[in-house]
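Here the structure is laid out as structure tokens; the discussion comes afterwards.
No hydrogens, no waters, no symmetry mates; every other heavy atom, side chains included, goes into these values. Along the sequence shown, residues are numbered consecutively beginning with 1.
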Amino acid sequence: MILTIAALFLPLFPLSMVQNLILSRIRAPFARGALVLLWPQIGVTILQTQQPEIPAFIETWALLSAAFYAVRLLTVRDLAIWAGLFASSAVALTWGLVMQGVDETTLRLFALWFSLPAALLILLTEPISKRLGAAYAGLFAGLVERQPRLALVLTAVMLCAVATPPFPGFFALLNLMLGLDSPGVFGVLGIWLVWSWAAIRLVQGFVTGDGREISAADLGRGGALVYYAVLAVFVVAGLQFTGGNL
């Protein structure tokens, strides 16, 4: 029972559907972002306090769950839904580190490196929806020409989410793969590739191409600087806590 509850918060399919169902019922972006951040930390707490026996098949289950949600990302155009599914895919990989017996701090940081960018993407749905009517890729293309600051912030956060160096997710995945066997390494690399592919497709739907005229003002300089500052701190923290361990 304890292991099942942990698999609910460090989402393994189909238990991961619970989190995505809750996210779909919450309308406030801030609340949705907070849920994405806190959800996996609850799972780590359960594992660390209860210390359940974990069968070997959990690692394979986690890789399959992560792969399932990675493939689903290729069909999603709504930014908020994309972020929630991405979190389900990425955080499932935490089980790989659980099976390696790493310390609690490493587990919490791994979950944070992927849940925070997902939360930032969810927060971005509010300024995008205010300007475009909905945070839906393809509805208004060509943001880079009409809303350059918003387009740059969205692209930067998306690069952070899919573990592009020097963001901490890159070092976290490398650290994870060091402890996996060959099939596991190839599995993670395949998932990573699909994340990148899905991210490119989504960003293209917002940033590039010829879109309809947008009368709303671009994202303010102050708002853009807040996102850049968070990403900068994120990079420094990643280099400090993860990059130095490789």
Side-chain angles (χ1 to χ4, degrees), residues 4-47 61-95 107-139 150 153-154 156-163 169 172 191 194-195 197-199 201-203 205-206 227 230-231 234:
T4 301
I5 297 174
L8 179 70
F9 289 98
L10 293 175
L12 297 177
F13 183 81
L15 297 172
S16 50
M17 293 192 301
V18 174
Q19 180 189 17
N20 290 311
L21 178 61
I22 295 173
L23 285 173
S24 69
R25 301 297 176 87
I26 300 175
R27 297 302 174 208
F30 182 82
R32 297 179 80 174
L35 178 65
V36 167
L37 273 177
L38 295 175
W39 194 265
Q41 301 300 331
I42 296 173
V44 174
T45 299
I46 292 171
L47 288 177
W61 187 4
L63 284 172
L64 291 175
S65 296
F68 170 75
Y69 280 108
V71 172
R72 283 206 60 192
L73 292 177
L74 295 171
T75 65
V76 175
R77 311 294 286 173
D78 185 288
L79 181 59
I81 296 176
W82 197 99
L85 295 179
F86 172 78
S88 294
S89 178
V91 174
L93 295 177
T94 308
W95 286 100
L107 293 177
R108 292 193 182 279
L109 286 176
F110 186 92
L112 177 65
W113 299 147
F114 291 101
S115 59
L116 180 58
L120 291 177
L121 287 173
I122 290 174
L123 292 180
L124 273 174
T125 61
E126 184 172 8
I128 292 175
S129 296
K130 284 182 178 179
R131 288 160 176 81
L132 309 184
Y136 193 89
L139 184 63
L150 182 57
V153 168
L154 174 61
V157 175
M158 189 64 77
L159 289 174
C160 177
V162 297
I191 292 166
V194 177
W195 288 349
W197 182 14
R201 286 167 55 90
L202 191 74
V203 170
F206 283 107
Y227 280 98
V230 171
L231 292 176
F234 204 51

> Are side-chain heavy atoms of N20 and Y69 found at a separation under 4.5 Å?
Replying inline: yes
> For the side chain of W195 and the backbone of F86, is there at least one donor-acceptor N/O pair under 3.5 Å apart?
Replying inline: no
> Does atom CZ of R77 have more than 12 heavy-atom neighbours, drawn from other residues, nucleotides or ligands, at distances under 6.0 Å?
Replying inline: yes
> Only one of F114, F110, F9 clears side-chain contact (heavy atoms from CB on, under 4.5 Å) with T94; which?
Replying inline: F110
> At what distance, to the nearest 0.5 angstrom, does CD1 of I128 lie from CG of L154?
Replying inline: 5.0 Å
> So do V157 and V230 actually touch side chain to side chain, heavy atoms under 4.5 Å?
Replying inline: no
> Between CG of L10 and CG of L93, what distance do you get to the nearest 0.5 Å?
Replying inline: 11.0 Å
> Taking the side chain as C-beta and beyond, is there a heavy-atom pair between Q41 and V91 under 4.5 Å?
Replying inline: no
>> Keeping S89 on the side-chain end and A66 on the backbone end, is there a donor-acceptor pair under 3.5 Å?
In response: yes
>> Looking at S129 and E126, would you say the former's side chain and the latter's main chain have a donor-acceptor pair under 3.5 Å?
In response: no
> How far does CG of L35 sit from CD1 of I22, to the nearest 0.5 angstrom?
Replying inline: 6.0 Å
> Of the non-hydrogen atoms in V36 and A119, which two are nearest, and what is the gap between them?
Replying inline: CG1-N, 4.2 Å
> Do you know the tightest heavy-atom contact between L231 and A156?
Replying inline: CD1-CB, 3.7 Å
>> Side chains of R108 and T45: any donor to acceptor distance under 3.5 Å?
In response: yes
>> I'd like to know if the side chain of W61 reaches the main chain of F13, judged simply by a donor and an acceptor atom lying under 3.5 Å from each other, with no hydrogens or angles considered.
In response: yes
> Rounded to the nearest 0.5 Å, what separation is found between the CG atom of L73 and the OG atom of S88?
Replying inline: 9.0 Å
> What are the two closest heavy atoms between F234 and L112, and how far apart are they?
Replying inline: CZ-O, 3.9 Å
> Ignoring hydrogens and geometry, is there a side-chain-to-backbone donor-acceptor pair from W39 to L8 under 3.5 Å?
Replying inline: yes
> Of the non-hydrogen atoms in A62 and L12, which two are nearest, and what is the gap between them?
Replying inline: CA-CD2, 3.5 Å
>> How close do I122 and G33 get, counting heavy atoms only, and between which atoms?
In response: CG2-N, 3.9 Å
> Could you state the interatomic distance from CH2 (W197) to CG (L202), rounded to the nearest 0.5 Å?
Replying inline: 14.0 Å
> Atom OG of S65 and atom CG of L15: how far apart are they, to the nearest 0.5 Å?
Replying inline: 8.5 Å
> Do the side chain of R201 and the main chain of L74 share a donor and acceptor less than 3.5 angstrom apart?
Replying inline: yes
> Which atoms form the tightest heavy-atom contact between A80 and R32, and what is the distance?
Replying inline: CB-NH1, 3.6 Å
> Is T125 reaching over with its side chain to a backbone N or O of L121, donor-acceptor style, under 3.5 angstrom?
Replying inline: no
